[in-house]
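Positions are given from 1, in the same order as the sequence printed here.
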Amino acid sequence: MILTTRVQIITFFIVIFIGVVIVLLRNIVEIKNLEAPHVEIVDVDFLKFGLDNIELVAVLNVNNKKNTRELHLSEISYSLEINGNLLVDQLIVDDFVLERRPDNEIRLPVKLSTPAVADLLSDLSSKNRADYKFDASVTVEIPSAGRVRLPVTFIGVFPVPHSPKIHNTSFSIKEISWLHIDFIFNAEVFNPNVFSIALDAINYSVTIQQVEIMRSSLPESVVLNPEQSSLLIFPVRFDFREAGRSVMSALRQLKPMSYQVSAQAIVTSDW
């Protein structure tokens with residue numbers, strides 16, 4: 001009886017030992033068969049390309065479906081070149097988990113502001129389009145191979161934005177009363193770009209005889225179609241009660257008066 005019990009105990013431990021060995025062998029084989037995942041840049045999306053800032057996001061996809069377990073990504077480096085000029089060179093050190101699936105998405109945001117954008121647009125002032133290159137490199141921790149670096153590149157072309165140009169301007173009188181004169185200032189604005197642009201938050205001021213007579217804004221944005229001119233209309237009210245002495249003196253003597261209309265706006269585009 002005692003002998004039978006000992007044999008059962010020994011058999012039990014042998015089975016456990018064999019099971020542990022099998023599991024370890026399977027893990028060894030599994031680790032040995034792990035492959036580097038496939039990495040690609042699926043898109044570089046320019047969210048905003050204005051005259052004062054540039055925002056974009058590069059979308060990386062990491063396919064880890066072939067492996068039987070998740071992997072860890074320890075660092076990402078990326079750079080952006082436009083027209084041959086290196087504008088961004090970044091390194092992110094973090095722990096990204098790559099699940100066992102084909103669509104592990106990594107988004108890399110890039111934001112450029114003045115003066116980098118001003119220098120870039122100055123270099124591109126004579127061009128309508130420019131080449132860009134986005135390089136990225138991800139470092140994956142693979143138990144059987146250690147740290148594996150996987151480089152990828154995305155090359156594209158984007159249209160270069162140019163400032164709208166004012167061609168023809170004119171004044172016309174809308175209404176005259178004892179207290180004021182209402183003018184309409186017309187400005188023909190040409191969009192030299194191959195894409196539409198919008199003028200947002202248009203503020204303007206009017207100066208007569210070096211005296212500012214009014215400051216106002218247009219209530220709505222104005223969309224300028226590509227390579228076309230659009231007419232902007234600025235209403236102006238000249239209030240006699242608020243006019244300076246030099247202005248009133250010139251009016252009484254019917255002298256020619258100098259005037260200046262200044263305007264500023266935020267230029268945006270959805271190309």
Side-chain angles (χ1 to χ4, degrees), residues 8-50 53-113 116-117 120 130-159 269-271:
Q8 290 177 342
I9 293 174
I10 294 173
T11 304
F12 173 76
F13 280 107
I14 292 175
V15 171
I16 292 177
F17 176 76
I18 293 174
V20 171
V21 170
I22 292 174
V23 170
L24 290 175
L25 289 175
R26 284 180 178 177
N27 285 337
I28 292 173
V29 172
E30 181 181 305
I31 291 174
K32 187 176 181 180
N33 291 333
L34 288 177
E35 299 179 9
H38 176 70
V39 182
E40 64 175 338
I41 302 176
V42 295
D43 189 25
V44 174
D45 185 12
F46 282 83
L47 305 176
K48 188 174 183 181
F49 202 127
N53 62 74
I54 299 174
E55 294 182 23
L56 61 95
V57 60
V59 182
L60 276 64
N61 183 69
V62 184
N63 186 343
N64 191 38
K65 186 179 180 180
K66 289 184 178 181
N67 292 315
T68 56
R69 61 170 61 189
E70 66 181 26
L71 296 176
H72 289 263
L73 191 156
S74 59
E75 64 181 35
I76 304 172
S77 62
Y78 59 96
S79 63
L80 172 66
E81 289 185 17
I82 297 180
N83 198 38
N85 298 317
L86 180 63
L87 300 177
V88 175
D89 191 4
Q90 297 282 345
L91 173 65
I92 301 175
V93 179
D94 203 347
D95 182 26
F96 299 86
V97 177
L98 302 177
E99 297 181 6
R100 186 176 174 268
R101 64 185 193 188
D103 56 350
N104 291 279
E105 182 179 278
I106 301 173
R107 300 176 68 86
L108 303 175
V110 175
K111 186 174 182 179
L112 300 175
S113 56
V117 176
L120 172 63
D131 300 325
Y132 70 89
K133 183 174 74 166
F134 193 95
D135 290 317
S137 176
V138 300
T139 301
V140 182
E141 305 287 344
I142 301 178
S144 59
R147 292 163 58 89
V148 178
R149 181 173 172 270
L150 305 172
V152 285
T153 297
F154 190 97
I155 297 175
V157 178
F158 66 87
S269 172
D270 294 329
W271 65 262

List the steps, then state whether side-chain contact (heavy atoms from CB on, under 4.5 Å) holds for Val88 with Leu86. CA-CA 6 Å; Val88 175; Leu86 180 63; over 6 Å; no
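- Distance alone, capped at 3.5 Å, is enough to place a donor-acceptor pair between the Asn61 side chain and the Pro102 backbone.
- In this structure, Val59 and Ile41 have side chains that are not in contact, with every pair of non-hydrogen atoms separated by 4.5 Å or more.
- Applying the salt bridge (Lys or Arg N to Asp or Glu O under 4.0 Å) test to residues at least two apart or on different chains, the pairs with a partner in residues 98-111 are Glu55-Lys111, Glu99-Arg101, Arg101-Asp103, Glu105-Arg107.
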Evaluate side-chain contact (heavy atoms from CB on, under 4.5 Å) for Val57 paired with Leu47, printing each intermediate quantity in order. CA-CA 7 Å; Val57 60; Leu47 305 176; 4.2 Å; yes
What side-chain donor-acceptor pairs closer than 3.5 Å can you find for residues 75-84, not counting sequence neighbours?
from  : atom 1 : to     : atom 2 : distance (Å)
Asn83 : OD1    : Lys127 : NZ     : 2.9

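- Pro37 places none of its side-chain heavy atoms less than 4.5 Å from the side chain of Leu73.
- Across every non-hydrogen atom of Leu98 and Asn64, the tightest pair is O-ND2, 3.2 Å.
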Could you walk me through whether Leu60 and Val138 pass side-chain contact (heavy atoms from CB on, under 4.5 Å), step by step? CA-CA 10 Å; Leu60 276 64; Val138 300; 3.9 Å; yes
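- Residue Ile54 holds its CD1 atom at 6.0 Å from CZ of Phe158, rounded to the nearest 0.5 Å.
- Remark: Asp95 pairs with His72 by the side-chain contact (heavy atoms from CB on, under 4.5 Å) rule, at least two apart or across chains.
- For the ring pair (Phe, Tyr, Trp, His ring centres under 6.0 Å) condition, no pair includes a residue of residues 79-100, sequence neighbours left out.
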Can you list the steps and then say if Leu87 with Leu112 is a side-chain contact (heavy atoms from CB on, under 4.5 Å)? CA-CA 8 Å; Leu87 300 177; Leu112 300 175; 3.8 Å; yes
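- Looking only at side-chain heavy atoms (C-beta outward), Leu108 and Val110 stay at 4.5 Å or farther from each other.
- The shortest side-chain heavy-atom distance between Leu71 and Val62 does not fall under the 4.5 Å cut-off.
- Across Phe46 and Leu56, no two heavy atoms sit closer than the pair CE2-CD2, 3.5 Å.
- With rounding to the nearest 0.5 angstrom, the CG atom of Asn104 is 8.0 Å from the CG atom of Asn63.
- The two residues Val157 and Tyr132 make their nearest non-hydrogen contact at N-CE2, 3.5 Å.
- Evaluation of the salt bridge (Lys or Arg N to Asp or Glu O under 4.0 Å) test over residues 131-143, restricted to residues two or more places apart or in two chains, returns Lys133-Asp135, Glu141-Arg147.
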